[in-house]
Amino acid sequence: MGADVELERPKDASHGDFATNVAMRSAKSVGRPPRELAAELAARIGEVDDVDSTEVAGPGFINLRLADSFFIAALSEVGDGYGGGWAAAAPERVQVEMVSANPTGPLLVSHARNGAYGDSVARLLAFGGHAVQREYYYNDAGAQVDRFRASVDALRRGEPVPEDGYHGDYVRDLAAQDGDPLPRMLASIEGTLERFRINFDSWALQSELEQRLPEFMPRLDTYEKDGAVWARSSAYGDEQDWVIIRSADKGGTPTYRAADIVYLTDKLDRGFDKAVYVLGADHHATARWYAAIARMLGYDESRVEVLLYQFVHLTGGGEAAKLSKRAGNVVFLDELLDQVGVDAARWYLVNRGPDQTIDIDLELAAEKSNKNPVYYVQYAHARIAAILRNADASGAFVASRHKLENEERELIKRLTDFPVTAREAADRRGPQLIPAYAIRLADEFHRFYHECRVIGSPEEAFRLGLCRATQQVIARCLDLVGVEAPERM
């Protein structure tokens, strides 16, 4: 009939396990009343072995109730790698560039959302079967770095930091040591990122890329105006043209957008099928600029992808929170990790879509109770681990012929949602779908645990297999967002 078959969960579980609107979508094309067509299709579907019963509802929906054999077979499919590998037949080389803060100070909470979001996207893509590389790009030269070094040098001489310089305890700590402060600051940033469970495969330096600009100039569509060199990006879909080399009275130096040109080309020439940038929401202009560069240089612009995310607000007791006495509303990532831990920080920084502002309640994030969603999901994993330890469950999954309890069916049904959820999260670049799913899975497990005895029941082997499968999927969900799956809590 040419119509897409859509299966969805009825809001009322009494209506069955799944419902489809295929008859309503197909009725017009075949010239049949929707309910009449639905009745015919329901009869055919009812002949399928794993379908227990069907019924027609409303204007032409078909409700399906599945047989226990379906759920038992579905459970047997859960194992290592379950839900992943969908891109294995045609994997891409993907680079995810994230964080990329200049090494002029410790990482902030805003950088943390960039990293948590980008790293979770990278984990999802790798889970799908793509070859993923993580890269950090930073400016090791220029006005900001010059002010940073000047601030450290001023303190070393016993002088005040320049008004436009960098302030804070970390600057005084750097001033107490000899040598260039930049490498030490960068090492500190790398240490914080490792603590935050983000490990980079490569680091790109703006100063090295700027040196390659002359080789790209002949390939660019440029013109001179007011003594500066401009890229004619408006002719390639951008909203305006941009200066790439400043006028002589402004030093005649390349702008950061010039480095963008070299960097983007360098990425694509390294053979990445997809170059993913993770940037703050105030970088909409940069996203358009990257697309214009790609078109100007003759690349397929679909190979360049910019992910934008909104800001983070910290609250405590219903009010804006600060974790230090520094001037301004500055919170370092390490301070956040000290207060709520890595697991909570990673969870809360991805549990909302990137287009939404995140408000983190520090008191809730640090709480060790089921009110805290990350604790709630981790506790489900630890509870299963305890069950398996107590049962010495080292055997393989054992199929069962017993009539499944409703809680068993619902838990298995939730497990079957994971492959679709993981792929959708990867395709949409929306890792927030994983924490939301993990909470629902934990809900189903806790209901199952309270209603169905596991150890010592006649169905012990089957239910231990169900526990093990649930534990595997919970652990995978937690790993995909950079959270640990504890065996004990």
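None of the values given here were measured: they were computed from a predicted structure. Reckoned from all heavy atoms, side chains included, excluding hydrogens, waters and symmetry mates.
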Residue pair R468, I384: steps toward the side chain to side chain contact (heavy atoms under 4.5 Å, CB included) verdict: CA-CA 7 Å; R468 185 184 298 111; I384 296 172; 6.0 Å; no
Cationic N near anionic O, under 4.0 Å, [X] to [Y]:
X: D334; Y: R195; value: yes
X: R134; Y: E97; value: no
X: E444; Y: K413; value: no
X: R172; Y: D169; value: yes

Parallel, tilted or perpendicular, as decided by the 30° and 60° cut-offs, for the rings of Y117 and Y309: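 Aromatic pair Y309/Y117 classed perpendicular.
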Review item, side-chain donor-acceptor pairs of residues 147-155, under 3.5 Å, at least two apart:
| unit_1 | atom_1 | unit_2 | atom_2 | d |
| --- | --- | --- | --- | --- |
| R147 | NE | D164 | O | 3.3 |
| R149 | NE | D180 | OD1 | 3.1 |
| R149 | NH2 | D180 | OD2 | 3.0 |
| S151 | OG | R147 | O | 2.7 |
| S151 | OG | Y166 | N | 2.8 |
| D153 | OD1 | R156 | NH1 | 3.4 |

Under 3.5 Å side-chain donor-acceptor pair for T104 and N102: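 Short answer, no.
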Test item: side-chain donor near acceptor, Y348 and N372, under 3.5 Å: yes
Take atom [atom1] in [X]; do more than 12 heavy atoms of anything else shown fall under 6.0 Å from it?
X: D80; atom1: CG; value: no
X: F127; atom1: CZ; value: yes
X: R352; atom1: CZ; value: no
X: D249; atom1: CG; value: yes
X: Y379; atom1: OH; value: no

Can D479 and R123 be said to form a salt bridge (charged side-chain N to carboxylate O under 4.0 Å, His left out), step by step? CA-CA 8 Å; D479 180 69; R123 288 171 185 246; 3.4 Å; yes
Tell me which donor-acceptor pairs under 3.5 Å the side chains of residues 273-281 have, and how far apart each pair is, sequence neighbours excluded?
| unit_1 | atom_1 | unit_2 | atom_2 | d |
| --- | --- | --- | --- | --- |
| D273 | OD2 | R93 | N | 2.7 |
| K274 | NZ | S302 | O | 3.0 |

Check whether T222 reaches the backbone of R232 with its side chain - one donor and one acceptor, N or O, closer than 3.5 Å. no
Which one of Q206, E210, E135, R212 satisfies the side-chain hydrogen bond (donor to acceptor under 3.5 Å, both in side chains) criterion with Y263?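 Option passing the side-chain hydrogen bond (donor to acceptor under 3.5 Å, both in side chains) with Y263: E135.
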Less than 6.0 angstrom from the centroid, inside 45 degrees of the normal: does R346 satisfy that with respect to the ring of F196? yes
Candidate pair E484 and R197, rule side chain to side chain contact (heavy atoms under 4.5 Å, CB included), full reasoning: CA-CA 10 Å; E484 290 187 336; R197 302 184 188 130; 3.3 Å; yes
